[in-house]
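Owing to the predicted nature of the structure, the values given are computational and were not obtained by experimental measurement.
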Amino acid sequence: MTLEDVSMEIEEVFNKLIKAYSDENLNHITGKLILLYKNKNYSKIREIIKRISEFIPIDDEKDAKSFSKLMMLYHPDKGEQSRKLIQTLYKKNDFENLQKHSHILLLSDIDNIAAAEIDENIGFEPEYTWDTNANDGFSFTDSSGETDLENESTDIQSERSFYNLVKLREYGTLDIEFPPYYLHDFEEFEMAHSGLESLEGVEHCIHMRILDVSDNSISDIGRLWDLQSLEELYLANNQIGYIDTLDNLIKLKVLDLSGNQINDITPLLSLPHLEYVNLIGNPITINQIELLKNKGTILMI
């Protein structure tokens, strides 16, 4: 390939990317993604992730995480920044790095991907489920239906807590000594769709950076107060009303609060590194939303 051919190819890619990263197209893409998320059409979101995986590796396929990562890629608020970077790469004839932004071109037919109806075939199998029995306390089963814990002593309170779930995942039983300081070394916990009712024990995870407890039955998040290493927190689809605790999580960058009953987000205004917040499905006033937007935070509402 001659230098002239290379130059023409670079220019062609540049023009395509500038158009793809226009505010109009980014608004279109994010609008479709939000529609999929609101309609719980998670399999379509995963299809999009699979398409762009060659350019943007997203290791997990968890619903809240996946949606958040896509929105941070394609939100219109990042359009100007993306276009400036693309222009800089073009001027430098940096074809290799210019190509790395081409994942957006794979979404040119997003209208065909997006569906307006609720996905009845989500294809989600929780890694673990609680199997409650009034006579035996409770047991713990994996997605194959095999029981790890049977006839657990009724002396143990059958609370579906963070601490109990960790014990069951690590050891398959509650009848074992598990000092809370063992939790100090964990940096990430994935507990979406786990039937959690309480975050008891999470306060000991002082080095945790990522926590996903989406799609559970949590109402009280007070035990998160001391987790100042947290950078990503996914609390979607719980029963949370108050988030005062979050103003102490000074390293927080990504936060998903969608599908709760939160009407006051002022605690988030003091977080210096907050980049992205999903508030879909919460009764937030416009005034509060504007205050958070003015901080430069990407918002989903």
Side-chain angles (χ1 to χ4, degrees), residues 1 4-39 41-58 63-117 232 253-256 258 273-281 284 286 289-301:
M1 185 179 290
E4 184 178 356
D5 290 335
V6 172
S7 179
M8 289 178 62
E9 187 172 359
I10 291 175
E11 184 173 1
E12 182 181 359
V13 172
F14 167 74
N15 289 330
K16 287 181 178 178
L17 289 177
I18 288 296
K19 183 178 180 180
Y21 280 96
S22 66
D23 288 342
E24 181 182 3
N25 193 48
L26 291 174
N27 271 303
H28 183 69
I29 290 173
T30 54
K32 294 298 181 182
L33 290 172
I34 290 171
L35 180 65
L36 292 174
Y37 186 75
K38 284 183 174 180
N39 289 330
N41 207 324
Y42 304 129
S43 64
K44 296 294 185 181
I45 292 176
R46 293 175 192 149
E47 180 182 332
I48 291 170
I49 287 170
K50 187 176 180 180
R51 280 195 183 194
I52 67 172
S53 60
E54 179 182 348
F55 296 92
I56 305 291
I58 300 178
D63 304 329
K65 280 187 180 181
S66 299
F67 177 72
S68 297
K69 291 180 187 299
L70 287 174
M71 295 309 302
M72 291 181 73
L73 280 174
Y74 302 122
H75 196 278
D77 286 355
K78 300 192 74 172
E80 184 176 356
Q81 177 185 343
S82 297
R83 292 190 294 271
K84 284 182 178 179
L85 178 56
I86 289 166
Q87 287 170 345
T88 299
L89 295 173
Y90 173 65
K91 289 176 181 178
K92 292 180 178 180
N93 286 321
D94 190 345
F95 186 60
E96 182 180 351
N97 284 312
L98 201 60
Q99 281 279 60
K100 292 179 180 179
H101 295 270
S102 296
H103 50 84
I104 194 172
L105 303 178
L106 300 176
L107 303 185
S108 59
D109 64 339
I110 194 168
D111 288 335
N112 296 329
I113 302 173
E117 71 277 2
E232 298 183 25
K253 297 178 182 178
V254 176
L255 176 63
D256 191 336
S258 59
H273 304 294
L274 198 58
E275 299 175 5
Y276 168 92
V277 182
N278 186 347
L279 295 169
I280 291 173
I284 312 296
I286 295 297
I289 289 170
E290 289 301 319
L291 288 173
L292 198 52
K293 274 187 178 179
N294 291 338
K295 285 173 54 67
T297 305
I298 294 174
L299 292 183
M300 295 293 101
I301 53 176

How many angstroms lie between [atom1] in [X] and [atom2] in [Y], if you round to the nearest 0.5 Å?
X	Y	atom1	atom2	value
I10	Q99	CD1	CD	9.5 Å
K78	L85	NZ	CG	10.5 Å
K44	I110	NZ	CD1	11.5 Å
I18	K16	CD1	NZ	14.0 Å
I301	I280	CD1	CD1	9.0 Å
L33	S66	CG	OG	11.5 Å

> What residues form a salt bridge (Lys or Arg N to Asp or Glu O under 4.0 Å) with D23, not counting sequence neighbours?
Replying inline: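 In terms of salt bridge (Lys or Arg N to Asp or Glu O under 4.0 Å), with neighbours along the sequence ignored, D23 is linked to R83.
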Nearest heavy-atom neighbours spanning [X] and [Y]:
X	Y	result
N278	F67	ND2-CE2, 3.3 Å
N25	A20	ND2-O, 2.8 Å
I45	L36	CG1-CB, 4.0 Å

Sub-4.5 Å side-chain heavy-atom contact between [X] and [Y]:
X	Y	result
L73	I52	yes
V254	K69	no
V277	I298	no
L17	I104	yes
L291	K295	no
H103	E54	no
R51	E47	yes
E275	T297	no

When you look at [atom1] of [X], are more than 12 heavy atoms from neighbouring residues, nucleotides or ligands closer to it than 6.0 Å?
X	atom1	result
E290	CD	yes
K253	NZ	no
E80	CD	no

>> When you compare the side chains of S258 and Y37, does any donor N or O come within less than 3.5 Å of an acceptor on the partner?
In response: yes
> Stepwise, does the side-chain contact (heavy atoms from CB on, under 4.5 Å) test hold for K32 with D111?
Replying inline: CA-CA 7 Å; K32 294 298 181 182; D111 288 335; 2.9 Å; yes
>> Restricting to side chain to side chain donor-acceptor pair (under 3.5 Å), what partner residues turn up for K100, sequence neighbours left out?
In response: N97
> Can M300 and I34 be said to form a side-chain contact (heavy atoms from CB on, under 4.5 Å), step by step?
Replying inline: CA-CA 8 Å; M300 295 293 101; I34 290 171; 3.9 Å; yes
>> Show me the pairs that pass ring pair (Phe, Tyr, Trp, His ring centres under 6.0 Å) and involve residues 12-35, at least two apart or across chains.
In response: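 Qualifying pairs, neighbours excluded: F14-Y90.
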